[in-house]
Protein chains: 2
Amino acid sequence: MTAGPAEDTRTRLLQTALRLFTEHGVEGTSLQMIADALGITKAAVYYHFKTKAEITEAVAEPGVRDLDELVLRAAAQKRRGTQVDLLLEGFVDLVIRHRALVALFSSDPGLVRAIEKSAHGGMEGFGQALLGILSGPDPTPAARVNAMVALTGIAMAGGSPDLARLSDDVLRTELLDVGRRLLGRPRRRTPTAVSTL
Amino acid sequence: MTAGPAEDTRTRLLQTALRLFTEHGVEGTSLQMIADALGITKAAVYYHFKTKAEITEAVAEPGVRDLDELVLRAAAQKRRGTQVDLLLEGFVDLVIRHRALVALFSSDPGLVRAIEKSAHGGMEGFGQALLGILSGPDPTPAARVNAMVALTGIAMAGGSPDLARLSDDVLRTELLDVGRRLLGRPRRRTPTAVSTL
DNA sequence: GTCTATATTAAGATAGAC
DNA sequence: GTCTATCTTAATATAGAC
C-alpha cells in the first residue's frame, strides 16, 4: 500500500470498477467499459491487473476482509446475546462503511461467483456463519426467517439508491434499530462502543 | 396459449432459463447453456424465442404481472392501513408463489435492465410504488428504512436457498409476521404455533 | 504506464436442410 | 421442431512499440 503516483490509476480503476459493477453487474461490465470510463485503453488496464477476476477480487477485498474479521470477533464471544449484539452492530457499521459493495455482495451472482473461486469458502461460508450466530443453535423457522430478513434487508437497504441521500449517522441508527427489533434485542439510544473498526 | 405439444419445449425452456438465471445471473447465462441443459441446440432455442431478451421477459412476466396487479389493487384502497395490509399480504403471497423469481428481481442487474427496456417504467416504477405505499406520505427516515428492509428482506428471504426447505405455509406465516412487525401493523398469528419446519 | 495491433474464444443471431 | 453451418460482434487477453 505504498501511496505513490504509480498507485493512482490503480485506485481510480478500483473505484470506477465498483461503480460500474453496481450499475451493470460484474458480468455486465467489460474491461472496455472500465477503460473508457478512465480514459485509457484496455491494454493499460491489463498493466495493473492480470485478469478481470483479479479486479473483481480487489474490489471485493475490503468488504471480505472486514466481514471475515467481524465473524471471528463475534464467534469469540461467550454469551450468545453478546455475539448477536456485536455481530449486528459490526454488520451495520460494515454496511455503512462499504455501502455500495455490500449491496453487490448480497445480490450480484457475478460477484459471488468471483469470490467463490478466489479465497475462502466463498460467500456461502460467511452467510452460514452470520446466520448461524444470529439465529442461534437449533433455531425455529421464525428465528431463521428473522435472521435472514435482518441480514439481507440491512445489506440491501444500505446499498439502496433510494436511501443514498440519508446520512451515514441516520442510516446507521435506523438500521440498528430495525435489526434489534427483528432479532429481539433490547433497543438502545447510544450503541455500545463495540468497535471502531 | 393453446396447450399443445408445441408448447412443451417452450415451457421447459422457461423453467430451465429461470433456474440457470438464479444460479448464474441473467448475463452469466448463455443461450448455449440453456440449449445444453435442454439437450437441444441454440438454433432450436431460437425457434421458440427471437432474442435472448424475449426469453428474459417471458421468464419475468408472471411476476411482473402479479406485481402490477397488486400495486393497482393496493393503491385503490382508501384507508392507508388497508393499503399497507393488502400490499404486505399480497407481496408475501407473490413471493411465495414465485420464490426464485422474486429474489432475482430484487438483485440481478441483468434482469432489472432487461425489464427496463421492455414494458413499463421498469422495476423502478414498482419499487417506488411499493415503497411509497408502505412508508406513507412524507415519511420519516425510520419509515423509509423500515419499508425498504421489509420489502427487500422478504423478497430475498423468499428466494433464499437457505430457506428453501421451509414449506410455503410456514414461510408465508413467518414473512407476514416479520413484515407486520417492521411496518407497525397488528400481528394476527396464533401465538405459540410456530414449530414444525 | 500507456499505446496499437492482434490472437482467441464465445456470445447472440440467421439461413437453409431435414 | 430441430439440425448443421455460418455470420457478426464483442469479450478476455497478449505482444511489442514508445
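So that the names make sense, note that chain A is the first sequence line, chain B the second, and so on, each numbered from 1. It should be emphasised that the depicted structure is a prediction, and the values quoted were computed from it without experimental measurement.
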Closest approach of [X] and [Y], non-hydrogen atoms and distance?
| X | Y | answer |
| --- | --- | --- |
| A:Leu87 | A:Ala74 | CD1-CB, 3.7 Å |
| A:Phe49 | A:Ala58 | CE2-CB, 3.9 Å |
| A:Arg180 | A:Pro186 | CD-O, 2.9 Å |
| A:Ala164 | A:Arg99 | O-NH1, 3.4 Å |

If I take atom [atom1] in residue [X] and atom [atom2] in nucleotide [N], what distance separates them, rounded to the nearest angstrom?
| X | N | atom1 | atom2 | answer |
| --- | --- | --- | --- | --- |
| A:His48 | D:dA13 | NE2 | P | 16 Å |
| B:Gln32 | C:dA13 | CD | C1' | 13 Å |
| B:Tyr46 | D:dT8 | OH | C1' | 12 Å |
| A:Lys52 | C:dA10 | NZ | P | 15 Å |
| B:Glu27 | D:dT12 | CD | P | 12 Å |
| A:Ile40 | C:dT4 | CD1 | P | 12 Å |
| B:Ile34 | D:dT2 | CD1 | P | 15 Å |
| A:Asp36 | C:dT2 | CG | C1' | 15 Å |

### Query
Which listed nucleotide (C:dC3, C:dA13, D:dT2) is nearest to the side chain of B:Ala44?
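Given the options C:dC3, C:dA13, D:dT2, the side chain of B:Ala44 is closest to D:dT2.
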### Query
A:Tyr47 side chain N/O closer than 4.0 Å to the phosphate oxygens (OP1, OP2) of C:dT2?
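Result: no.
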### Message
For C:dA11 and B:Ser30 - does any side-chain N or O of the residue sit under 4.0 Å from the phosphate oxygens OP1/OP2?
### Response
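So the side-chain polar atoms of B:Ser30 do come within 4.0 Å of the phosphate oxygens OP1 or OP2 of C:dA11, strictly under.
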### Query
What distance do A:Leu183 atom CG and A:Asp85 atom CG have between them, rounded to the nearest 0.5 Å?
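Reported value, rounded in 0.5 Å steps: 9.0 Å.
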### Along DNA chain D (nearest heavy atom to each residue), the more 5'-positioned of A:Met33 and A:Lys50
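Upstream on the strand: A:Met33.
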### Query
Taking for each residue the nucleotide of DNA chain D bearing the nearest heavy atom, is the 5' side occupied by B:Lys42 or by B:Gly39?
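Mapping each residue to its closest nucleotide by heavy atoms, the 5'-most match is B:Gly39.
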### Message
Just to be sure I understand the rule, does A:Thr41 reach a base, reach only the sugar-phosphate, or reach nothing, if contact means heavy atoms closer than 4.0 Å?
### Response
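Base: the residue A:Thr41, judged by heavy atoms under 4.0 Å, touches a nucleobase.
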